[in-house]
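Every value quoted in this text rests on a predicted model; they were computed, and no experiment measured them.
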Amino acid sequence: MAAAAADAFVRARGRTLTAFRPDAEYQWKGPFYFIQGADPQFGLMKSWAHGDTENGDDEWGEEIKLTEQAVQAINKLNPKPKFFVLCGDLVHGMPGTRWKKNQEQDLKDVLKNTDQDIPLVFVSGNHDIGNTPTRETIDDYCKNWGDDYFSFWVGGVFFLVLNSQLYFDSSKCPELRQAQDAWLDEQLAAAANQKCKHIIVFQHIPLFLSKPDEDDDYFNLDKSVRQEIMEKFHKAGITAVFSGHYHRNAGGSYKGLEMVVSSAIGCQLGQDTHGLRVVVVTEEKVVHRYYSLTELGSHGIEKELLDMLAKQNFPKQNYRFLTAMSQNSSQFAVVLNNKEAVDSTFPFEDEPYEEYGRRAELIW
């Protein structure tokens with residue numbers, strides 16, 4: 001069972017996610033969406049209910065059911081999301097605690113049932129590597145879940161996964177904080193050269209919960225660190241930061257940078273429901289909505305978001321050509337707004353849309 005679960009995951013290695021080939025993903029290909037989840041945190045629900053968050057995590061049956069429900073809801077979605085990102089606190093057990101390995105194995109056994117066409121993206125949280133991480137706790141996380149920070153491209157959009165615990169307390173591994181900082185600067189410079197449509201960041205701890213200048217709190221980053229990161233992200237043109245950790249929905253903005261805080265798949269600490277966030281990426285903006293697990297599993301994504309996904313960006317010369325063709329064929333009218341229809345009508349793999357127009361003319 002353990003080997004099968006391990007084989008189901010494509011982990012980030014070498015600071016990138018090999019599920020996506022950069023050379024095939026640099027260019028904008030039209031709107032898409034992904035699913036963000038946070039804090040399945042196997043073991044917290046019982047320990048929170050019993051008031052013993054340090055030693056009361058010896059049961060996690062409720063979290064197993066909720067994460068199974070999340071996976072089932074994601075697998076039913078049509079069209080499929082590009083990926084499913086889990087923004088930290090995968091389990092409740094801290095490094096070295098009694099139940100951590102069992103919790104991790106049970107989580108892997110649930111997640112391995114995610115549709116294999118939907119890559120999993122893992123983000124480290126404080127319960128995954130410790131409130132004050134060390135090289136050893138981070139190495140152990142990386143062996144289990146992949147690199148603690150990395151980047152990847154999807155359809156002309158650049159994604160960064162960061163280890164926010166290094167910003168919270170790197171006192172036992174300052175050299176690792178320095179390494180992530182240097183790497184991040186290199187990544188942002190490379191993104192600027194590629195002229196990506198958006199840059200989106202995933203991390204566990206929010207920069208802030210509602211206001212950029214709010215007081216320091218367990219659930220946000222210290223003001224001094226926060227201000228430096230916010231300004232760096234703003235100057236780099238980052239669109240949004242998605243996080244978890246708070247076990248409630250929250251968020252705000254800083255100079256156009258959106259901070260999105262999503263509630264948990266697992267234990268709720270506020271009035272929200274166990275859920276997932278659907279994030280639609282268009283050429284102009286990033287739109288998102290938090291769904292309860294029940295709502296997403298029963299009804300799927302609402303029409304407004306689906307309509308955004310249907311708006312493909314065809315080259316203008318092809319659009320004019322296909323519009324003319326559509327006067328004589330209803331089939332071509334469908335092609336205008338549906339890439340899948342293009343693919344089924346003109347199945348020439350990996351050819352640009354300009355080529356579709358030429359092939360269509362020959363076939364007609």
Visitor: Applying salt bridge (charged side-chain N to carboxylate O under 4.0 Å, His left out), run through Arg226 and Asp222 and close with a yes or a no.
Guide: CA-CA 6 Å; Arg226 182 196 316 165; Asp222 287 352; over 6 Å; no

Visitor: With ring centroids as reference points, do Trp183 and Tyr149 lie under 6.0 angstrom apart?
Guide: yes

Visitor: Are any of the side-chain heavy atoms of Val91 and Gln41 separated by less than 4.5 Å?
Guide: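 With C-beta onward as the side chain, the pair stays apart.
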
Visitor: Quick check: does any side chain N or O of Thr134 sit under 3.5 Å from a backbone N or O of Thr137, one acting as donor and the other as acceptor?
Guide: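 Pair found, side chain donor or acceptor close to backbone of Thr137.
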
Visitor: Taking the six-membered ring for Trp, are Phe152 and Phe158 closer than 6.0 Å centroid to centroid?
Guide: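 Distance test on ring centres: not under 6.0 Å, no.
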
Visitor: Can you get from Leu269 to Leu90 by hopping between Ile, Leu, Val, Met, Phe, Trp and Tyr side chains that sit under 4.5 Å apart?
Guide: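 In one cluster: no.
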
Visitor: Tell me, do Val286 and Glu258 make a side-chain contact under 4.5 Å, heavy atoms counted?
Guide: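 No, side chains not in contact.
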
Visitor: Side chains of Leu309 and Pro79: does their closest heavy-atom pair fall under 4.5 Å?
Guide: yes

Visitor: Where is the tightest heavy-atom contact between Glu214 and Asn220, given as atom of each residue plus distance?
Guide: OE2-ND2, 3.0 Å

Visitor: Restricting to non-hydrogen atoms, name the atom on Ser243 and the atom on His204 that form the minimum distance, rounded to 0.1 Å.
Guide: CB-O, 3.4 Å

Visitor: With a 4.5 Å heavy-atom cut-off, do Thr273 and Leu293 have their side chains touching?
Guide: no

Visitor: For the residue pair Asn131 and Asn126, confirm or rule out a side-chain donor-acceptor distance under 3.5 Å.
Guide: yes

Visitor: Would one find more than 12 heavy atoms of other residues, nucleotides or ligands at under 6.0 Å from atom CZ of Arg98?
Guide: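 Result for CZ/Arg98: open.
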
Visitor: Would Arg289 and Glu304 pass as an ion pair if we require N to O under 4.0 Å?
Guide: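 So Arg289 does not pair with Glu304 through a salt bridge.
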
Visitor: Between Leu305 and Tyr291, which heavy-atom pair has the shortest distance, and what is it?
Guide: CD1-OH, 3.6 Å

Visitor: With a 4.5 Å cut-off on side-chain heavy-atom distances among I, L, V, M, F, W and Y, is there a chain of contacts connecting Val123 to Tyr290?
Guide: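 No: no chain of side-chain contacts under 4.5 Å links Val123 to Tyr290.
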
Visitor: Ser124 and Gln165: side-chain donor and acceptor closer than 3.5 Å?
Guide: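 Ser124 vs Gln165: no donor-acceptor pair found between side chains.
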
Visitor: So His92 and Thr53, do their side chains get closer than 4.5 Å, heavy atoms only?
Guide: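 A side-chain contact under 4.5 Å exists here.
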
Visitor: Is Thr67 reaching over with its side chain to a backbone N or O of Ile64, donor-acceptor style, under 3.5 angstrom?
Guide: no

Visitor: For Asp57 and Gln103, which I'm curious about, is there any donor-acceptor pair between the side chains at under 3.5 Å?
Guide: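 Asp57 vs Gln103: donor-acceptor pair found between side chains.
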
Visitor: Looking at every heavy atom in both Ser262 and Gln36, which two are closest together, and how far apart are they?
Guide: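 Residues Ser262 and Gln36, closest heavy atoms: OG-OE1, 2.6 Å.
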
Visitor: Other residues, nucleotides and ligands only: do more than 12 of their heavy atoms fall within 6.0 Å of CH2 on Trp153?
Guide: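 Count over threshold, so yes.
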
Visitor: Are the aromatic ring centres of Phe242 and His288 under 6.0 angstrom apart?
Guide: yes

Visitor: Look at the side chain of Gln194 and the backbone N and O of Cys196, then say whether any donor-acceptor pair between them is shorter than 3.5 Å.
Guide: no

Visitor: Does Asn75 use its side chain to pair, donor to acceptor, with the backbone of Asp115 at less than 3.5 Å?
Guide: yes

Visitor: Just verifying a value: how many Å separate Ile200 CD1 and Leu160 CG, rounded to the nearest 0.5 Å?
Guide: 10.0 Å

Visitor: Evaluate the criterion side-chain contact (heavy atoms from CB on, under 4.5 Å) for residue pair Leu207 and Leu257; output intermediate values, then yes/no.
Guide: CA-CA 11 Å; Leu207 298 172; Leu257 166 69; 4.3 Å; yes

Visitor: Do Trp60 and Asn102 touch side chain to side chain, with heavy atoms closer than 4.5 Å?
Guide: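 Result yes, sub-4.5 Å side-chain heavy-atom pair found.
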
Visitor: Is atom CD of Gln27 surrounded by more than 12 heavy atoms (other residues, nucleotides or ligands) closer than 6.0 Å?
Guide: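 At most 12 heavy atoms, drawn from other residues, nucleotides or ligands, come within 6.0 Å of this atom.
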
Visitor: Stepwise, does the side-chain contact (heavy atoms from CB on, under 4.5 Å) test hold for Phe208 with Tyr254?
Guide: CA-CA 10 Å; Phe208 56 90; Tyr254 172 81; 4.3 Å; yes

Visitor: Taking all non-hydrogen atoms of both residues, which atom of Asp169 and which atom of Pro133 are closest, and how far apart?
Guide: O-CD, 3.2 Å

Visitor: Below 4.0 angstrom, N of the basic side chain to O of the carboxylate: do Lys46 and Asp58 qualify?
Guide: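 Salt bridge: yes.
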
Visitor: Roughly how far, to the nearest 0.5 Å, is NZ of Lys197 from NZ of Lys195?
Guide: 11.5 Å

Visitor: Are Glu136 and Lys172 ion-paired here, with the side-chain N under 4.0 Å from a carboxylate O?
Guide: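 Salt bridge absent between Glu136 and Lys172.
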
Visitor: Test Ser151 against Gln187 for side chain to side chain donor-acceptor pair (under 3.5 Å), laying out the working first.
Guide: CA-CA 8 Å; Ser151 64; Gln187 295 297 301; 2.7 Å; yes

Visitor: Should the pair Phe34 and Phe202 be assigned to parallel (<30°), tilted (30 to 60°) or perpendicular (>60°) ring geometry?
Guide: perpendicular

Visitor: Which value, rounded to the nearest 0.5 Å, describes the distance between Asp106 atom CG and Glu63 atom CD?
Guide: 10.5 Å

Visitor: Which heavy atom in Ile265 sits nearest to a heavy atom in His274, and how many Å separate them?
Guide: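 Closest approach of Ile265 to His274, heavy atoms only: O-ND1, 3.2 Å.
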
Visitor: Using 30° and 60° as the class boundaries, would you call the ring planes of Phe219 and Tyr246 parallel, tilted or perpendicular?
Guide: perpendicular

Visitor: Which residues pass the salt bridge (Lys or Arg N to Asp or Glu O under 4.0 Å) test with Glu175, not counting sequence neighbours?
Guide: Arg135

Visitor: Hey, does the Lys NZ or Arg CZ of Lys108 hover above the aromatic six-ring of Trp145, less than 6.0 Å from the centre and inside 45° of the axis?
Guide: yes

Visitor: Please report the interatomic distance CG(Asp128) to CG(Leu86), rounded to the nearest 0.5 Å.
Guide: 10.0 Å

Visitor: Determine whether a donor-acceptor pair (N or O, by modelled atom type, separation under 3.5 Å) exists between the side chain of Asp216 and the backbone of Lys223.
Guide: yes

Visitor: Hey, is Lys211 close enough to Asp213 for a salt bridge, meaning N to O under 4.0 Å?
Guide: no

Visitor: Could you check Leu188 against Ile238 for side-chain contact (heavy atoms from CB on, under 4.5 Å), going step by step and ending with a plain yes or no?
Guide: CA-CA 9 Å; Leu188 293 176; Ile238 290 174; 4.1 Å; yes

Visitor: Whether the side chain of Gln180 engages the backbone of Leu162 through a donor-acceptor N/O pair (distance < 3.5 Å, no angle test) should be reported.
Guide: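 Not at all, since once roles are kept as given, no pair shorter than 3.5 Å links the two residues.
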
Visitor: Mind checking whether Pro119 and Phe84 have side chains closer than 4.5 Å, heavy atoms only?
Guide: no

Visitor: To the nearest 0.5 Å, tell me how far Cys142 SG sits from Ile129 CD1.
Guide: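 Reported to 0.5 Å precision, the distance equals 8.5 Å.
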
Visitor: To the nearest 0.5 Å, how far apart are CG in Asp139 and SG in Cys173?
Guide: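 Rounded to the nearest 0.5 Å, the CG-SG separation comes out at 10.0 Å.
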
Visitor: Would you call the rings of Tyr218 and His245 parallel, tilted or perpendicular if under 30° counts as parallel and over 60° as perpendicular?
Guide: tilted

Visitor: How far apart are the C-alpha atoms of Asn249 and Asp272, what are their side-chain angles, what is the distance that settles it, and do they pass the side chain to side chain donor-acceptor pair (under 3.5 Å) test?
Guide: CA-CA 7 Å; Asn249 287 311; Asp272 296 296; 3.1 Å; yes

Visitor: Do other residues, nucleotides or ligands put more than 12 heavy atoms under 6.0 Å from Lys255 NZ?
Guide: yes

Visitor: Could you list the residues that satisfy side chain to side chain contact (heavy atoms under 4.5 Å, CB included) with Lys101, not counting sequence neighbours?
Guide: Glu104, Asp140, Asn144

Visitor: Any side-chain heavy atom of Leu120 sitting closer than 4.5 Å to one from Val10?
Guide: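 No - every pair of side-chain heavy atoms lies 4.5 Å or more apart.
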
Visitor: Going through the checks in order, is the side-chain contact (heavy atoms from CB on, under 4.5 Å) test met by Glu302 and Asp307?
Guide: CA-CA 9 Å; Glu302 64 194 270; Asp307 287 346; over 6 Å; no

Visitor: Do any N or O atoms from the side chain of Ser298 and from the backbone of Glu295 form a donor-acceptor pair under 3.5 angstrom?
Guide: no

